[in-house]
Every structure is written in C-alpha cells, then in structure tokens.
Amino acid sequence: MKSLKTKLGKIELATPIIMTSGTFGYGIEKINFIDYEKIGAFTTKTITYNPLRGNPQPRIYETEYGMINRIGLQNPGVFYFVKNVLPKIRKKFKNIFVSIAGRNEKEFIEIIKIIKKEKISAIELNLSCPNIEKKQRMFSQDSETTYKIISIIKNETDIPLIAKLSPNVTDIKEIAISAEKAGADIISLINTVKGLSIDLKRMKIIDGGLSGPCIKPVGLKCVYDVYKVVKIPIIGIGGIIEGKDALEYILVGASAIGIGSGLFSNANIINEVYNFLENYLKKNNLMLENIIGYLNEKDWLI
Amino acid sequence: MKSLKTKLGKIELATPIIMTSGTFGYGIEKINFIDYEKIGAFTTKTITYNPLRGNPQPRIYETEYGMINRIGLQNPGVFYFVKNVLPKIRKKFKNIFVSIAGRNEKEFIEIIKIIKKEKISAIELNLSCPNIEKKQRMFSQDSETTYKIISIIKNETDIPLIAKLSPNVTDIKEIAISAEKAGADIISLINTVKGLSIDLKRMKIIDGGLSGPCIKPVGLKCVYDVYKVVKIPIIGIGGIIEGKDALEYILVGASAIGIGSGLFSNANIINEVYNFLENYLKKNNLMLENIIGYLNEKDWLI
Amino acid sequence: MENVICEVIKNENLNKDHLLLEFENNFKEDFYPGNFVHIKIEKCFLRRPFSVARFNKKSIQIIYKVVGKGTEILSQKTKGESIDIIGPLGNSFPIYKNKKICIIGGGTGIAPLIFLSEELKKFNKEIFFFYGSRNRNSIFFSVLPDGIDYIFSTDDGSFGTKGNIFDIFKKFNGFEVIYGSGPEELLKKISKFSKKVPVYLSLENYMACGMGLCYGCVVKIREKDNWEYKRVCKDGPVFRADKIIWR
Amino acid sequence: MENVICEVIKNENLNKDHLLLEFENNFKEDFYPGNFVHIKIEKCFLRRPFSVARFNKKSIQIIYKVVGKGTEILSQKTKGESIDIIGPLGNSFPIYKNKKICIIGGGTGIAPLIFLSEELKKFNKEIFFFYGSRNRNSIFFSVLPDGIDYIFSTDDGSFGTKGNIFDIFKKFNGFEVIYGSGPEELLKKISKFSKKVPVYLSLENYMACGMGLCYGCVVKIREKDNWEYKRVCKDGPVFRADKIIWR
Ligand SMILES: Cc1cc2nc3c(=O)[nH]c(=O)nc-3n(C[C@H](O)[C@H](O)[C@H](O)COP(=O)(O)OP(=O)(O)OC[C@H]3O[C@@H](n4cnc5c(N)ncnc54)[C@H](O)[C@@H]3O)c2cc1C
Ligand SMILES: Cc1cc2nc3c(=O)[nH]c(=O)nc-3n(C[C@H](O)[C@H](O)[C@H](O)COP(=O)(O)OP(=O)(O)OC[C@H]3O[C@@H](n4cnc5c(N)ncnc54)[C@H](O)[C@@H]3O)c2cc1C
Ligand SMILES: Cc1cc2nc3c(=O)[nH]c(=O)nc-3n(C[C@H](O)[C@H](O)[C@H](O)COP(=O)(O)O)c2cc1C
Ligand SMILES: Cc1cc2nc3c(=O)[nH]c(=O)nc-3n(C[C@H](O)[C@H](O)[C@H](O)COP(=O)(O)O)c2cc1C
Ligand code: FES
Ligand code: FES
C-alpha cells in the first residue's frame, strides 16, 4: 500500500487511482462492489454555473472496443452542488477534485468564486468544453485561450488547478506548455477523442467523444509527448481497463491515472489496477515514484 | 455489380473499394485469395524522390483492436518505381493511384515532374508526412502549407490530385477547405491517428500511427465534418474491417472507401464489403450514388 | 448493487426468437420486480441490461431476444459457463395491495411483468394481465404464473383476440392500478390512463454504466412545472406514467 | 498463398510449455520447409505467424509456446473447431543434396527444422541435428524424424551434454551446409560459419500482414556494398547468414 503513494504537486494520494470526471457521477451513488479505500481521488462530473439539462437522446453508443458519449454536461449547477452534493461525499473520498467548465471566462470565474470557499483538494478545469466566444472551439484547442483562462483563474484561487486537455489538437505539447506557464499545477490527459458512430438499426448518428480501450494509444502518446516538455505532474487518462494499462501510463510519465469508462466494462477494475501495480512494484522492489516516466526518460525507442 | 459503380470526380470506379496506401505494398505481391475484379482502385505505398530505408525496428505492434505502425516510408524512390514497378502492375488494376510524399515543396515537384508523364488515374498527396521546413509539422497540419503545396502541384499537372489528410489537427474542416480551394480533386480521410503503445515484454515503446477498427469513429467523424464543407468527393478510410463499416462511411459522405489494415485481420474483407454493399443496395433497390452522404444530409442527429 | 459471477443453469429457446437464461443466484440482496441485471458479454465493451423475469433464492431468470452482437453471443452460453453480472439495478414497481390490478405489456417487454405478477399475486385477488404478442408461438406460456387472468391478443389472431392488446384493454374498466412494459407506442397509449389511476411503466434505453454514474440513459421527466432528464437505470426503469414526457 | 478454414485435428501439450496443433490440410499448394502459416485468433487484431513443423497431404502441424494473449487463446482450441489460416507464406530452405549436413537449433525454433530434416533425409545420408534445449522435458522427442543423427544439449544436463548447443557444434567439422533456427544469440554465432560454407537461417520478427504488403517485419540485409531492409515474411524467413546484418 505504501509503495502506491504518489504526489500531484502538493496533493498526496494514497494510491494513483483517480475516478475521472463524468464516469463516476457526483460521487453520491454508492457502488457497493468498489473498495473506496483504493481510490486516491475522485473527480466530480463537470459542474457549470447554471444547471444544464444536457443533450437529448441518443447520448451514448457502443463502438469497437469503446464508446461514444454526448452527455452534454448535464449537471445541477454549482450552487446546488456546493449545498447538496459536496457535504454528502466529503467522507467518502480522501481527495475530491471538482471539475468545472464555463462557456466563457466570466462563467469560469463565477464558478471559482463559489467553489474556492470549499475545502477541496483541487479544481479540474475541463478545457474541452466549447468556448462560445471563439468560434465554438474548445478552450484547450488554442494555446492562447488555454493560457488566458488558466492565468485568470490562478489569480482567483490558491486551490491547485488541474488543466484537463483535449487530444483534438494539432500539437498537444504547445497547449500543455501554455497551461504550465499560466500556472496550472497538474495536467490531465486526455479527455475524449472526437468520434462518430452510426446506429444502423435506428439509422442514427452519435457525434460525440470516444472513450475506452480504443483510445489508449492516443492517451499514451499525449502523456509521452507532454511529459517531455512540462515539469508539472500529469494524470494519465484514456482507455484504462486493467492493471497493465495503468502501468503503461505511469511508465510514460503519469504520476496518477484516471479510471473512466473502463469501470462500465470491468467492474473489478479498481482492485485489478491496485493489485497489479502493488505486485509489480513489490516484485521489482520499487516504489511507484521510481517508475514514473521510466520508459520516457530512457527513451527506449528502438 | 453495376449498382456499385461510383465516381471520384472524373474517375470512374467499378466498385467503391480502394486498397489504401501502405497496406497493399506496390501491388506487385500477388494475393491469390483476393478477387482483383472487386477492387475499384489501388493506391501505391507512398513513393518519395530518393529511395528511403525507413525506420529501424520495432515498426509495428498490435493494440486494442488495431495496430501501430512506424514504417517510415520505406520505398525504392520514384525512378525505380516508374521503371520497375508501374509496368508490372498496370494490368492488375483498373485504376492506379500513386501516393507520393516530399519533405518539402521542391521534392514534391521533382516527383510530380517524373510521375506526370505516366498514365495513372490519380496522384495521392500524402500530406501526413513531416514538412521539414516547418518545425517538422505534417503538411496537412496547417491550412497554409496544405494550400500552398497543393496549388503548386496543381500547376504542374492535370492528373487528378487526391489530398490525403491527417486527423491529427485541431480542425479538419479548415484543412479540407484549403485543400479544395487549392485545387485538390478528391480528399482522402483519414491517415493514421498519432498513437503510442508499449511492449511490456521487450520494454519498448512504439510511437507511430494508429490504424484498425479502433479508429473508425475518428475517421467517420472526419468524413462527416468534411462532407459538410467541401464539394469534392471524399475517400473514407479508417478501421474498415467488414461490410457494415464501408456502408457507414458512405452514409456519412464517402464516395469510395479505403481498405487498410483491415485486410491483415480479415482476409476475406474485399468479398465481404463487396457483397454486403451489393446486397444492401439490392434490398433497398438503390444505386451506390443514391446513398452517399444520406445520413449526413438528413442530419439524423437526435 | 453487487458484482458477482454466476454459473449458467440453463439457456434455452422459449420460442423461435426468445431465450430463457437461468443462472445461479449468487446475490446477497433480493431482487424486486422491475429490477434489472447488467451483464458482461465477451467482445462487447458495454454491458447489456436485462430485466429480471423470475427470481428465487436459488436462481434468477431473464428472457431475451437475439437482436444484435451481444445477445447473439449470450445465446451461445451453455450450462456451467460463468457470467459476470451487476445487480440488482434500478428501482422497482410499487406493490399495491387489495386492488383491482391491470398488467399490460407486449413482446419481450413481458419479462419484468412476469416477476411483477408473481409478486402482486401475494397481495391481490383480481389481477388482469393483458398480453400482446405477434403470434401464438411468441407467447411465453411456460413461464406465466397461474392464478392470474390473462387476456391475450396476437397480431395474426393465432391465439386470443386478433389485434393490438391496447384496443382490447380499452374495453375493460374499473382498474385501480395499471402496470405496463413493452413497445414505446403501447406505453404511450397506456400512459393516458394516468389521469384516472396510478400507472407505472418500465422504460428501456441504451445504457453505459447502468449504475447512475454516466447520465447516458436519460428520459424526460416532469418536475413541478418543468422537466428534467432522469436516468432510466437509477431513477427508473419504473416511472409514473404521468411524469414521462414522450418523444 | 491461400486463405482457408481448417478444422483442428488435435491441439495437445508436447510438454509443459509447448503445444502441438494439428489441423486439416485444406490447402491446394504444397508447403516447403521454412514456410509459415498466419493464423487468425479471436480477440487479436493481427494474425499470429507459426512455422510449419510437419506437413503431409492430410494435415499440417505447428509447435508453439504460450507466450501471450494470442497463443493463450490458441491453446484452448479443441478438436473440431475451425481456424482461419493464410499459407503457405515466406520462402523456404534450399534443399541441398548429397552433402554432409548440419542442422542446428534451439527451443521453439526447432519447429521448422523438423520439417526440414524430413525433407533433407530424402536426399542426404549424413544429417547431424544439433538440438539445444532447456532440459529433458523440453525436447520434442515425439515428433523428431528417425534416420538422423541427433546431438542434444540441455542447460541443466538432464539430457545430452550439459551446456550450450553451439559449444558442442563447434567441436564438429566437415559440414558442407548449415541450417539454423532458434534464439537470435545462437543464430548470430552460427552465422560466423558462413565464410566457409553456405549457412541458411530462419528468422522471426513481429508481423502485421505476413504477405509482404506492409514492410513491418524487416531486417537489415546486405546488398552489394550496402544494405537494405528486407521483409522477413516475404523475402525470408530464410536468409543466407552472410547477408544478415545483426543488431
Ligand atoms: C432496463 C432494461 C431492461 C431490459 N430488459 C430486457 C429484457 O428483459 N429482455 C430483452 O430481450 N431485452 C431487454 N432489454 C433490451 C436489451 O438490453 C437489448 O436488447 C440488448 O442490449 C441488445 O444488445 P445487442 O448487443 O444484442 O444489440 P446491439 O444492437 O448490437 O447493441 C448495440 C448497443 O446498443 C444497445 N441496445 C440495442 N438495443 C437496445 C435496447 N432495446 N435497449 C437498450 N439498449 C439497447 C446495446 O446495449 C449495445 O450497447 C432491456 C433494456 C433495458 C435498458
Ligand atoms: C516466421 C515466424 C515463425 C514463427 N514460428 C513459431 C513457431 O513455430 N512456434 C512458436 O511458438 N512461435 C513461432 N513464432 C513466434 C510466434 O509468432 C509468437 O510467439 C506469437 O505471435 C506470440 O503471440 P502472442 O499473442 O501469444 O504474444 P503477445 O506478446 O501477446 O503478442 C503481441 C504481439 O506481438 C507479436 N509477437 C510477440 N512475440 C513474437 C515473436 N516471438 N515473434 C513474432 N511476433 C511476436 C504477436 O504476433 C502480436 O502481434 C514465429 C514467428 C515468426 C515471425
Ligand atoms: C459518459 C462520459 C461522461 C464524461 N463526462 C465528462 C465530464 O463531464 N467532464 C470531463 O472532463 N470529462 C468527461 N468525460 C471524459 C472522461 O473523464 C475521460 O477523460 C475519457 O472518458 C477518457 O477516459 P476513458 O477512456 O478511461 O473513459 C466523460 C466520459 C464519459 C465516457
Ligand atoms: C503498415 C501501414 C503502412 C502505411 N503506409 C502509408 C503510406 O505509405 N502512405 C499513406 O498515405 N498512408 C499509409 N498508411 C495509412 C493507411 O493508408 C490508412 O490511411 C490508415 O491505416 C487508416 O486505415 P485503416 O484503419 O483501414 O488501416 C499506412 C498504414 C499502415 C497500417
Ligand atoms: S446508464 Fe449510466 S446513468 Fe444510466
Ligand atoms: S509483415 Fe507485412 S511485410 Fe512482412
């Protein structure tokens, strides 16, 4: 257990296992078969300023070894969250990361003003939401808007900031560097990959974000590239479904890893990741911190 | 058979099935179990000006429902190709598309000068190769370089030009529009998705391009988006492994489809795609051209 | 909610289209009518949800139709194989007592109503079960509880009355509670009766987590003067018909 | 090169680590020693290449070791199941006649050498087969052809001489052709003999297409004063040792 300790800047995690945003709800649902002790941190589903109803159906569809979702940030808004949700989940998780999103800078700041009064471990900025002021691009699809939004928020609060980036960019390194410069304390990689699938039975198109094992190579590539250019810690996310996947993220540079839609498929995923990492470290007589970025630094390519 | 006829601008294809670049070699290997009659066109592995040795091992690795490759454009160079390869494969394929790549504009033009004297159906510009003059970005990772390279080449030859684009961009629509404006006659979507995988046994990293069923939602999304903004025909590529996949690409806007690494997994893929489409069209009493973009135009979303 | 591995006891055709899968009941918790299980099926990333049709301490049964990849693979499971199941999931039908009860459903949607009628039987004497089906061969005769008044209809008239089950149901009256499950068209029609009596319907939707985590399976539900997207897997699958806003 | 579906005749352990898979020979073409098959295995996107170990008109055998996902699934196939196979693939060992022949190999690499020795037997009287193995139990006794002079070595001395097979082979001489297959370290050492006599080695590499289409499986091969990446699947798997540039 001790060997699994990790750090995200000043945040200490008992294990590197983080429940990612949007795939573990608001932490209220009690999932009986999960050992909450093995969870290092929980990231809430993204909260916006006003309540959002989210997208109409269809919202999800299965793809080849993954799924597409277009939930559309359904959430009860930050006021409701702070008043009715946070108090209920405090005791369940050692670390709570609150994921937030705004449609523009103003909205982000308004949420921050409310959320910064709460005792939480970190704020995750979901920068994969569209910035309505810039041609509907996501914030993290442009290094300038990434820089700007993070630096403004950094001014507002001392709570550690996690910048969650979209892989749908020409150069992820550029964006990550901007995030670091602007004051992000941690980088979360990756949000879903733009994808579309077709339900031929219903003749419907599901245009949304791809997640699951099919995107693991994309996530690993992003973490690998970004680890080379930033000093702040990285949370590796995307397609983790068993212990080996988590190890791979750690070896290319993730200090902690996010479990997302893998939980929907593999109900025992938390135990499996936990046990796999623990055994691996024990066998090699190592601590988790010894292997973060190991394969990246060595650059074993060839 | 007739119902499967399709057109890419002026190029007439007996079937919409195209063997994509790099996954059917130079067309010399005789693959006995394939019915060449069912192939509408063959795209050669990308040819460069000088012969290239390609990357050292490891070059390939299996991923979750796909594979990563980093072949590195190994090829014998355009002179050898024109002299020794083209004559041998002419009779095998009704349409030959020659895929080419240069490290800069000059190299592209030098290849064009040689290739334009040959009787071929089209030239495919592999714009997913790095442009050494622009920070090693791929040509198609920037709408200006995309525009420039295509318009220069368009000036050199009347042979139809196919612009093959990388999905690794912030906005594929922007790139596709530039390609069309610059004079591209056809757009090929997608090339491989940047990905990385780890061979834990050998402790090796394989940093390359992802292909196979795992990327189908990415390819469908690109074709869907680009179909809305360009008038030129699209070749849909990425993760096709059975008939249904081909249909999906056509329904979102592809006039023809490319078979890539799916052939490595499903040896009967050409027959299956052919038969599936033929049956589907017969059952619905339609011609292929009737269904191109059907789901896109209707915008069945919701 | 538990995640358990259960052995297949049997997996047999009930009729041409439908199979009955019975597996060991390795759950500690009890299931109630309306609850569903979320089954892991090889080669499918997402689990597949199925209503529980019959339940006892020893075993659980579901009735399903082969409609795609997942149910196709499921249909090949044989006695002794293990399956990874999450359950019980979702809410359940409220059990009214000493009422004149109507149960109405069609097709595969009958599954949860079988479990429900077993339960209602314990507390009610007058239970009318309106059962619509394609034809005589599609009716799940072998698993229907006794002690209940069945009214059958088939599309082709090969059993019971020919026609839609709703049209037959309409001719009856005096029911104090109505429970329904089946095709959306049917449920929509039934829900009109909710002005007069309580009507409870079990809904279906595409699901990812099945546990209330992802908000993938929502339906429009009336809330005061407004509406909200509620999760079929967690807030449902059973909803009061007057709350449902149909597409 | 054909793509055929073949029924499994047997799939049994040869020893703790290795299995022998025999399947119907539904190929029209003949296989030659060195040729391999490319097998489709469920849940694996890419096929898996295996050398043919024994071949006759009725059936084909391969010998394989369970090392990962694909071979694990393959090991569970049972008599009567169908497998999707592409073959024959690759080139083959040139068959010399009336020579003093040396065959040398180790571990799983022995598979193609079994087929080769059966063939060479027809044309040569003096065949020495140097066979290195971990221990007595890892040796594929039951499938070794007779009429051949075997020289065994094992790492633990439990059969034949204790030690590396190469060290034993070195003590012999007078061979006119050498054929080898097995661990790269062994092959590297054998290839030094190519200055004196023809040496042919069968190589392995990770493969995607297996048919010469993708250039994924290349090795460095000398060409005149230079070198080129050649495909193991198409230009090989058998190469003249003096052409191979080792890592
Ligand atoms: C609460 C609930 C209870 C259900 N109870 C039963 C039952 O008792 N008997 C029964 O036969 N079926 C039942 N269904 C429907 C059943 O889940 C689907 O038929 C099944 O998921 C289809 O899977 P497939 O892989 O064969 O089909 P595919 O079409 O290949 O599946 C593709 C994707 O779509 C989803 N999907 C397809 N059709 C449906 C559908 N009708 N409802 C939900 N998801 C769907 C699948 O889960 C999968 O994610 C229930 C659904 C829900 C939500
Ligand atoms: C020409 C040729 C002939 C071969 N003949 C035999 C034989 O007769 N008996 C035998 O046991 N093995 C043989 N091999 C090796 C065999 O192909 C691998 O052991 C097998 O592919 C491993 O698959 P896996 O899924 O179990 O392993 P995994 O490690 O899970 O496979 C992951 C990926 O790596 C590839 N891979 C892993 N190890 C090897 C390897 N050693 N060589 C090539 N690809 C590998 C797999 O094909 C797959 O694409 C041969 C290989 C080649 C190229
Ligand atoms: C149903 C669903 C809802 C999601 N909602 C959010 C969200 O609200 N905020 C966010 O930052 N990411 C969201 N994500 C993205 C995940 O947090 C994660 O980045 C992505 O799914 C990739 O990881 P995975 O492959 O392990 O699922 C969502 C993903 C899914 C599948
Ligand atoms: C081994 C391999 C080699 C490839 N070589 C090339 C190439 O030389 N030029 C090119 O434009 N695309 C190349 N591609 C990309 C394919 O043409 C195709 O765009 C991509 O693989 C996605 O399609 P798929 O998923 O059907 O394989 C290559 C792909 C693979 C797998
Ligand atoms: S399926 Fe995830 S909330 Fe219902
Ligand atoms: S594996 Fe494709 S060329 Fe050898």
Side-chain angles (χ1 to χ4, degrees), chain A residues 55-58 61 63-68 70 135 137-138 141-142 166-172 193-198 200 202-208 210 212-225 239 241 244-245 247-249 251-252 294-296 298-302, chain B residues 55-58 61 63-68 70 135 137-138 141-142 166-172 193-198 200 202-208 210 212-225 239 241 244-245 247-249 251-252 294-296 298-302:
Chain A
N55 286 330
Q57 287 289 336
Y61 199 61
T63 64
E64 282 74 9
Y65 224 153
M67 64 176 283
I68 300 257
R70 49 185 293 281
K135 293 191 294 177
R137 282 236 176 140
M138 303 174 194
Q141 280 188 323
D142 179 311
S166 164
N168 285 99
V169 293
T170 304
D171 185 355
I172 190 74
V193 175
K194 276 191 192 174
L196 180 148
S197 76
I198 298 178
L200 286 174
R202 297 182 292 176
M203 268 301 206
K204 284 205 167 138
I205 276 176
I206 301 95
D207 183 358
L210 188 60
C214 56
I215 68 164
K216 191 183 70 175
V218 178
L220 286 172
K221 170 69 172 158
C222 289
V223 172
Y224 179 78
D225 282 354
I241 197 161
K244 176 176 82 50
D245 305 321
L247 176 64
E248 290 176 1
Y249 271 100
L251 289 173
V252 294
Y294 179 74
L295 273 185
N296 201 326
K298 291 257 177 178
D299 236 325
W300 285 73
L301 191 64
I302 298 157
Chain B
N55 285 330
Q57 287 290 335
Y61 198 61
T63 64
E64 282 74 9
Y65 224 154
M67 64 176 284
I68 299 256
R70 50 183 294 281
K135 293 192 296 175
R137 282 234 178 139
M138 304 174 193
Q141 279 188 321
D142 180 310
S166 164
N168 285 99
V169 292
T170 305
D171 185 354
I172 190 73
V193 175
K194 276 190 192 177
L196 179 148
S197 75
I198 297 178
L200 286 174
R202 297 182 292 178
M203 270 302 206
K204 285 205 167 140
I205 275 176
I206 301 94
D207 182 357
L210 189 60
C214 56
I215 68 164
K216 191 183 71 176
V218 178
L220 286 172
K221 170 68 173 157
C222 288
V223 172
Y224 179 77
D225 283 353
I241 197 161
K244 176 176 83 50
D245 305 322
L247 176 64
E248 289 176 3
Y249 271 100
L251 289 174
V252 294
Y294 178 75
L295 272 186
N296 202 328
K298 290 257 177 181
D299 234 323
W300 284 74
L301 191 64
I302 299 158

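First the proteins, then the strands, lettered A, B, ... as listed; each starts at 1. Remember, predicted model here, so these are calculated numbers, not experimental data.
Legend: residues meeting side-chain hydrogen bond (donor to acceptor under 3.5 Å, both in side chains) with A:Asn168, ordered by chain and number and at least two apart, are absent. Under the side-chain hydrogen bond (donor to acceptor under 3.5 Å, both in side chains) criterion, B:Asp225 pairs with B:Lys221, sequence neighbours left out.
The contact between B:Leu251 and chain A is made entirely by side chain atoms (from C-beta outward), counting heavy-atom distances below 4.5 Å. Heavy-atom distances place no part of B:Ile215 under 4.5 Å from chain A, backbone and side chain included. Interface remark: B:Ile68 contributes side-chain atoms only to the contact with chain A (heavy atom separation under 4.5 Å). Contacts between B:Val193 and chain A at a heavy-atom distance below 4.5 Å involve the side chain alone, from C-beta outward.
Note that CG of A:Asp207 and OH of B:Tyr224 are 5.5 Å apart. Values are rounded to the nearest 0.5 Å. Summarising the geometry, atom CG belonging to A:Leu295 is positioned 5.0 Å from atom CE belonging to B:Met203; distances are rounded to the nearest 0.5 Å. Between the CG atom of B:Asp142 and the OG1 atom of A:Thr170 there is a distance of 8.5 Å, given to the nearest 0.5 Å. Here the straight-line distance linking atom NZ of A:Lys244 with atom CG of B:Leu200 works out to 6.0 Å at 0.5 Å rounding.
By number of non-hydrogen pairs under 4.5 angstrom with chain A, the leading residue of B:Leu210, B:Ile241, B:Leu247, B:Asn55 is B:Leu210. Your options are B:Thr63, B:Asp171, B:Leu220, B:Val169, and the one with the most heavy-atom pairs under 4.5 Å with chain A is B:Val169.
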*Give the C-alpha distance, both sets of side-chain angles, the deciding distance and a yes or no for side chain to side chain contact (heavy atoms under 4.5 Å, CB included) between A:Lys194 and B:Val218.*
CA-CA 6 Å; A:Lys194 276 191 192 174; B:Val218 178; over 6 Å; no
